[in-house]
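Quick notes on the structure that follows.
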Amino acid sequence: MRRLPASVVVLLLFVAAGPAIAQNVSGPAKAKAATPEIPFDSVPNFFKLPAGLYMGEGVGVATNSKGHVFVYTRSGETRLFEFDQNGAFVKEFGVGSYGFSFAHAVRVDKDDNVWAVDEGTNVIQKFSPDGRLLMVLGKRPDPLEQLALMPGGGQYSGANKPYSFHRETDIGWDPQGNIFVTDGYGDSRVVKYDKNGKFIKSVGTRGNGPLQFSTPHAMAVDAKGNVYVADRGNSRIVVLDNDLNQKAVYDTVGAPWAVCITNTPHQYLFSSNSFPTGNNFDQAPLTGEVYKMELDGTVLGRFGKAGHGFKEFSSIHQMDCRTPDELYVAEITEWRVQKIRLRPTTSTSAAPQQQK
Amino acid sequence: MKKTLPLILLALGVSLYGQPVLELNYDGNADLIQLPSYGEVAGVATNSKGHVFVYARTGHGAATLGDERTFYHGGSRLFQFDQNGKYVKEIGQGVYAVNFAQQVRVDPQDNIWIVDSGSNQIVKFDADGRYQLVLGRKPENINVRPGAGVPASGGMPAEAGRGEGGRGGEGRGGFGGGRGAPGAGINGDTFNRPADVTWDRAGNIYVADGFGPNNRIAKFTKEGDFVKTWGQTGSAQGQFNQIRGIASDANGNVYVADAGNRRIQVFTGDGAFKSQITNVGTPQAICISGGATQYLYSSNSNEPESMERGEIYKVRLTGEVVGRFGQAGKLPRQFGMVNAIDCRTENDLWVGEVWNWRAQKVTLKR
């Protein structure tokens, strides 16, 4: 009983600050007014779910080299679906797995292995293309220990453990196969492993200074092995080199909820200043757009706006951009994934002069 | 320094006595068994036909919202595969005790025993999977620490049986946290995170109790009636500091993996201390092979947050180390916190890996 006051304080902090920090962090982007619009289309009714299967929150989406689309959704259970390049349902991955509790991201590596990042179990699962479990990163906490900690739960722990995560958010790989993990809500850092899952190093604490993060929410790795961290709570993208030294900061594209880098000889970076999941429509005019950028941070254009409608973006949580002209976006506050085609514009390929 | 020096020596393949330890040749096959539902493999065991039983933490434990108490369900499943790794069936679906898998063992009559450290229960199924016997009782409800606006659930506070939350320390109170004084246990089958079970030739049952603070061995008749208990917390002979495994030889001697004291203690079936084996690191999973000449296998498993050590020792029952194999890691042939070893014959082993979520078949080569 003597612990009760502390529990109350923790609980109040959680209730008061939790949603504000974790959810409603988007805002107007400095570059918005000066950025040209890119025309685009959305493909209607692309995904065909079998009868009896339902989408929940569209939290993760990724494609493989054949164009198959992997959708990671928070439905009644968290589930991972595969669709082919025409949107036909192929199969489900890891039915009933211990590692599916609260989806956060799915990514496909260069060998078409499928990696599922789950922030409810603190586990990342690596599946072969045919759905066999190949590797596990992280450890699901002992549920009995968690029970003793209820109710509430910490936000930033800073535990910085080599082989455990705390609400990790995303994963990426460099050309050598080294693994990078953004971790996450509970432990503001970026972790690097070798391709066999052996810990190499981690950087980052909670804050807004150099090598600090406030909810590193997503990441992408370019062909040179640089790591682009969507530092959502600080409304900036932090670029790290392959050894996790800070190289650059891009802070003109709002709060980056989702980032992706194209898999093309000339790589582009996309970042979503997503409409917050608090559904406060006062913020709709200020958020919702996606930015197309050069890797050096030059903003080339933007598309989309906040909303539930077709071709609008409710709260984009993950994006896939294998090529610069075709994207998939997974949305939380409308239960869907949209396939987006960007129309060619004069500004798309030759734009830098409009910005600089 | 006191702790790191032996570790460094072990990493160099040198025993604590300075002699090199023979590295045994082996193959590992981590692809033979595909779980119908992925999760942490805490237990693996074979029966006389070569069928493989896997007790895994999979799916999700769930708390029922109801009255002011909270009830815990599910969280683990028991699967059966044939000798080729083909899935046969599930056993014990929805059974009251399957909450946090800790071990599975098959007795000489092919009965299947699960040890669950969430419910603090041990359940015996016959060879066809029918319920036979239960030891221990699951606490009626779980204890949730009271918070703002949440009424206390009554019963013992959840902290009472909790230690540091890691291994090697005071252990973690499960649902039964707080029952029984630390290091004592009671004269009966109230377990605190039981770890393992074994039998002598008469069918008497020995329970390793366990990962929690009880630090005792409890003995029961084959019908499940209490016979005796021995052990308490400590480092002297007959004392334990976190018991992670138990096994018995053909003469009815009982081998106890006394992890915190980095030794395996050997007792008669009546609990009289006989000897100890101290040159195998921190024993987590142990197993005694069948056959005319029996061998003891013991895993110096990697601890949480570590990819160090992980090797498995082959030991004569006299305590002499024959050799070692393997290391911690996530690749095939490597081991991710081995919590179970099955060794029906000297060279054909199965290991259950908690951190790698798999049952791996290991074949020792001459």
Side-chain angles (χ1 to χ4, degrees), chain A residues 1-12 14-15 77-78 93-102 120-121 123 125-128 130-153 159-164 193-199, chain B residues 30-31 34-40 56-63 70 72 75-77 99-100 117-118 142-150 152 157-162 165-166 172-177 193 302 304-307 328-332 334 336-337 353-358:
Chain A
M1 285 307 285
R2 66 191 185 280
R3 293 183 183 226
L4 192 56
S7 303
V8 172
V9 170
V10 168
L11 189 71
L12 287 175
F14 183 74
V15 168
E77 301 284 344
T78 274
F93 278 59
V95 178
S97 173
Y98 198 55
F100 288 152
S101 179
F102 202 60
T121 59
V123 162
Q125 295 172 85
K126 175 187 181 183
F127 296 101
S128 66
D130 62 358
R132 290 164 74 98
L133 182 70
L134 296 179
M135 186 185 285
V136 179
L137 296 177
K139 176 81 165 65
R140 183 170 178 163
D142 182 333
L144 307 173
E145 290 179 359
Q146 298 309 303
L147 280 169
L149 298 174
M150 290 169 66
N160 197 25
K161 293 180 179 175
Y163 293 107
S164 295
Y193 299 92
D194 73 13
K195 65 179 189 288
N196 298 326
K198 189 162 178 64
F199 174 83
Chain B
D31 288 331
Q34 283 290 307
L35 297 185
S37 173
Y38 291 126
E40 297 176 352
R57 302 163 189 161
T58 186
H60 309 290
T70 304
Y72 193 77
S76 292
R77 295 169 73 180
N99 299 137
F100 194 69
S117 62
I142 54 177
N143 299 310
V144 176
R145 177 183 293 174
V150 180
E159 298 96 309
R162 298 186 77 243
R172 304 161 290 186
F175 298 156
R193 308 216 90 176
N302 59 307
E305 305 307 327
S306 163
M307 270 229 256
K330 294 176 186 286
L331 302 177
Q334 297 182 326
M337 192 190 279
E353 301 173 67
V354 171
W355 279 66
N356 288 346
W357 294 19
R358 64 191 184 190

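First the proteins, then the strands, lettered A, B, ... as listed; each starts at 1.
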Select one option (side chain, backbone, both, neither) describing which atoms of B/Pro332 are under 4.5 Å from chain A's heavy atoms.
neither
Within the distance-only criterion (no hydrogens, no angle test), does the side chain of A/Lys198 pair as donor or acceptor with the backbone N or O of B/Gly329 below 3.5 angstrom?
no
Working to the nearest 0.5 Å, report the span between OG of B/Ser37 and CZ of A/Phe100.
10.0 Å
Is any side-chain heavy atom of A/Val123 less than 4.5 Å from a side-chain heavy atom of B/Trp357?
yes
A/Val95, part contacting chain B, at a heavy-atom distance under 4.5 Å:
backbone
Quick one: CG on A/Leu134 to CZ on B/Arg358, what's the gap to the nearest 0.5 Å?
10.5 Å
Do A/Glu77 and B/His60 touch side chain to side chain, with heavy atoms closer than 4.5 Å?
yes
Got a second to check how far A/Tyr193's OH is from B/Met307's CE, nearest 0.5 Å?
8.5 Å
Ranking B/Ala30, B/Gly39, B/Gly59 by heavy-atom pairs under 4.5 Å to chain A gives rank one to B/Gly59
A/Tyr163 to B/Trp355 - nearest heavy-atom pair and separation:
O-CZ3, 3.2 Å
Can you list everything that forms a salt bridge (charged side-chain N to carboxylate O under 4.0 Å, His left out) with B/Asp31? Sequence neighbours excluded, please.
A/Arg132
Checking heavy atoms, do the side chain of A/Phe127, its backbone, both or neither come under 4.5 Å from chain B?
side chain
Can you tell me which portion of B/Gln34 sits under 4.5 Å from chain A's heavy atoms? Options are side chain, backbone, both or neither.
side chain
A/Asp194 CG to B/Lys330 NZ distance, which is reported to the nearest 0.5 Å:
10.5 Å
Are any non-hydrogen side-chain atoms of A/Val136 and B/Glu40 less than 4.5 angstrom apart?
no
Set of side-chain hydrogen bond (donor to acceptor under 3.5 Å, both in side chains) partners for A/Thr78, sequence neighbours left out:
none
Contact class of B/Gln334 relative to chain A, heavy atoms under 4.5 angstrom:
neither
